[in-house]
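Ligands are counted one by one from 1 in listed order, and the atoms in each one are counted from 1 as well. Along the sequence shown, residues carry numbers from 1.
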Amino acid sequence: MVIFKQLHNFAAFLPISSSLKIFTSKHSLGEHLATLRNTAKTIGFVPTMGALHQGHLSLLAIAQEQTDVVVCSIFVNPTQFNDPKDLEKYPRPIESDIEKLKQAGCDILFNPGVSEMYAANEQWHLELGELENLLEGKFRPGHYQGVTQVVYKLFDIVQPDVAFFGQKDYQQFMVIKKMVDMLKLPVRLVMCPIMREPDGLAMSSRNIHLSPEERKHALVLSKALHWLAANFEPVKISLLIKHCKEMIENEPEVELEYFEAVEPETMHPVKNNSDDLVVLIAARVGHTRLIDNIILK
Ligand code: PAF
C-alpha cells in the first residue's frame with residue numbers, strides 16, 4: 001500500500017511505500033499506539049535528533065530484538081542547545097533518515113515540529129543534583145534541563161515499555177535514569193554499546209562536520225581511551241589519565257575539555273583503587289565538539 005504523508009519540514013508530499021508509519025502529531029501517534037497497546041504489543045522507543053548513522057541503527061536493532069513495536073523519534077530539540085549556532089548547523093537530512101528507517105524495518109517515526117512539542121515561553125526545571133553540573137553539565141550549562149524536558153515529553157507521548165539510549169552519551173543516560181527514578185516513570189531504560197568506525201572514531205551525527213584533516217586528528221580521542229583500557233590497572237589510574245591528557249593535548253587541532261575517570265553511578269571522579277569506572281572525554285576538534293567514553297571493569 002502506498003500512503004502519502006505530509007511532513008512539516010517538507011515542501012511536498014512524499015510517497016512512502018514501506019510499512020514505516022510517520023506521525024507529526026502527538027494526538028494521532030497516541031491514537032495509533034493505543035490500538036497497538038490494546039493488542040498487548042510492547043513498545044520500544046529510540047529517541048534521536050536525526051542525522052541517523054550506524055549507531056542509531058544499532059539502537060533500533062536492539063529495540064527490535066526486545067520489543068514488538070519500535071518507535072523512533074526525530075526531533076532536534078532546541079531547549080538542549082546552549083549555543084544557537086550549534087542548533088542552527090545541526091544536520092537535518094530527514095529524507096535520507098526516513099530511507100534508513102525503512103531499510104531498518106522501523107515501525108513508526110515520530111517527527112514533530114517545535115510547536116507540536118512546546119508552548120511559547122514554557123518553563124522546566126528538574127532537580128538533577130550534582131549530575132547536572134559535572135563534566136558535560138559544566139561545559140554545556142542547561143543542557144540536561146533541555147534533555148530531561150524533551151525526554152519527559154516524549155515518554156509521555158509514546159509511553160514506551162522500554163527506551164534505548166547510546167552509551168556514547170553516558171552522562172545523558174545517567175541523568176535520564178535519575179529522572180525516571182525520581183518521577184517513578186514506568187519505563188525500562190537500556191544502554192546500548194558505542195558504535196565505532198573501523199578506525200575507532202565513535203559514530204556521531206557531528207562527525208560530518210569534520211574536515212578530512214580534522215577527522216584524522218579526532219582519532220586521538222578513541223586512541224587515548226583504548227590505550228588506557230589496554231594499560232588499565234586501578235591503582236595507577238591517575239598516571240594513566242595524565243599520560244592520556246598529554247597525548248590529546250599534543251595532538252594538533254584538538255582542544256581538550258575534560259578527560260576524567262569517574263565512578264559509574266555517582267560520576268564522581270575516581271583517583272585510585274576503583275575496580276569499576278568510566279573514563280569520559282570531551283574535546284573540540286576544529287569547530288566540532290566530540291565526546292567519547294569507555295567503561296572499565
Ligand atoms: O541523544 C540525543 O540524541 C538527544 O539528546 C535526545 C535523547 C534524543 C533528546 O533530544
Side-chain angles (χ1 to χ4, degrees), residues 9 23-24 26 29 44-60 62-63 70-84 86-94 97 100-101 104 106 108-114 116-118 122 124 126 128 131-132 135-137 139-160 162-180 183 185 187-195 202-209 280 282 288-293:
N9 41 4
F23 295 88
T24 57
K26 43 191 183 190
L29 173 66
F45 181 38
V46 179
T48 81
M49 297 206 298
L52 303 179
H53 50 69
Q54 210 49 46
H56 297 112
L57 300 181
S58 74
L59 302 185
L60 282 174
I62 296 171
V70 176
V71 181
C72 173
S73 65
I74 295 183
F75 178 63
V76 182
N77 172 37
T79 68
Q80 70 187 74
F81 286 80
N82 42 350
D83 175 357
D86 194 21
L87 171 62
E88 197 185 313
K89 77 170 195 190
Y90 201 86
R92 293 167 170 86
I94 188 69
D97 282 349
K100 286 175 188 165
L101 291 176
C106 180
I108 296 171
L109 166 63
F110 180 46
N111 180 219
V114 174
E116 185 67 9
M117 293 297 285
Y118 289 109
E122 214 178 290
W124 168 269
L126 193 65
L128 293 166
L131 263 187
E132 183 172 357
L135 301 164
E136 280 300 284
F139 285 88
R140 303 183 71 185
H143 172 64
Y144 289 125
Q145 289 300 333
V147 169
T148 50
Q149 182 179 27
V150 77
V151 172
Y152 180 84
K153 279 171 184 275
L154 289 167
F155 281 178
D156 189 46
I157 297 163
V158 177
Q159 296 183 25
V162 194
F164 300 83
F165 294 88
Q167 180 199 318
K168 189 166 82 65
D169 294 293
Y170 185 89
Q171 189 171 359
Q172 166 171 280
F173 185 90
M174 297 313 286
V175 163
I176 293 169
K177 181 169 173 291
K178 173 146 191 172
M179 172 176 80
V180 165
L183 303 181
L185 303 179
V187 56
R188 182 164 69 83
L189 301 179
V190 173
M191 185 193 281
C192 307
I194 297 179
M195 295 298 285
M203 290 186 184
S204 163
S205 305
R206 293 173 194 268
N207 290 352
I208 57 161
H209 295 312
L280 302 111
T288 309
R289 188 170 186 279
L290 299 178
I291 58 173
D292 200 350
N293 68 72

> Could you walk me through whether T48 and C72 pass the side-chain contact (heavy atoms from CB on, under 4.5 Å) check?
Replying inline: CA-CA 7 Å; T48 81; C72 173; 3.9 Å; yes

> Between Q171 and L131, which heavy-atom pair has the shortest distance, and what is it?
Replying inline: NE2-O, 2.8 Å

> Out of K168, Q80, H56, H143, whose heavy atom sits nearest atom 9 (C) of ligand 1?
Replying inline: Q80

> What are the atoms of ligand 1, with element, lying closer than 4.0 Å to any heavy atom of Q172?
Replying inline: 1 (O), 2 (C), 4 (C), 5 (O), 7 (C)

>> Salt bridge check, D86 against R206: does any charged N sit closer than 4.0 Å to a carboxylate O?
In response: yes

> Is the closest side-chain donor-acceptor distance between Y90 and N77 under 3.5 Å?
Replying inline: no

>> As an exercise, identify every atom of ligand 1 less than 4.0 angstrom from a heavy atom of T48.
In response: 8 (C)

>> Under 4.0 Å from a heavy atom of V150: which atoms of ligand 1 are those, numbered in the order shown and with their elements?
In response: 9 (C), 10 (O)

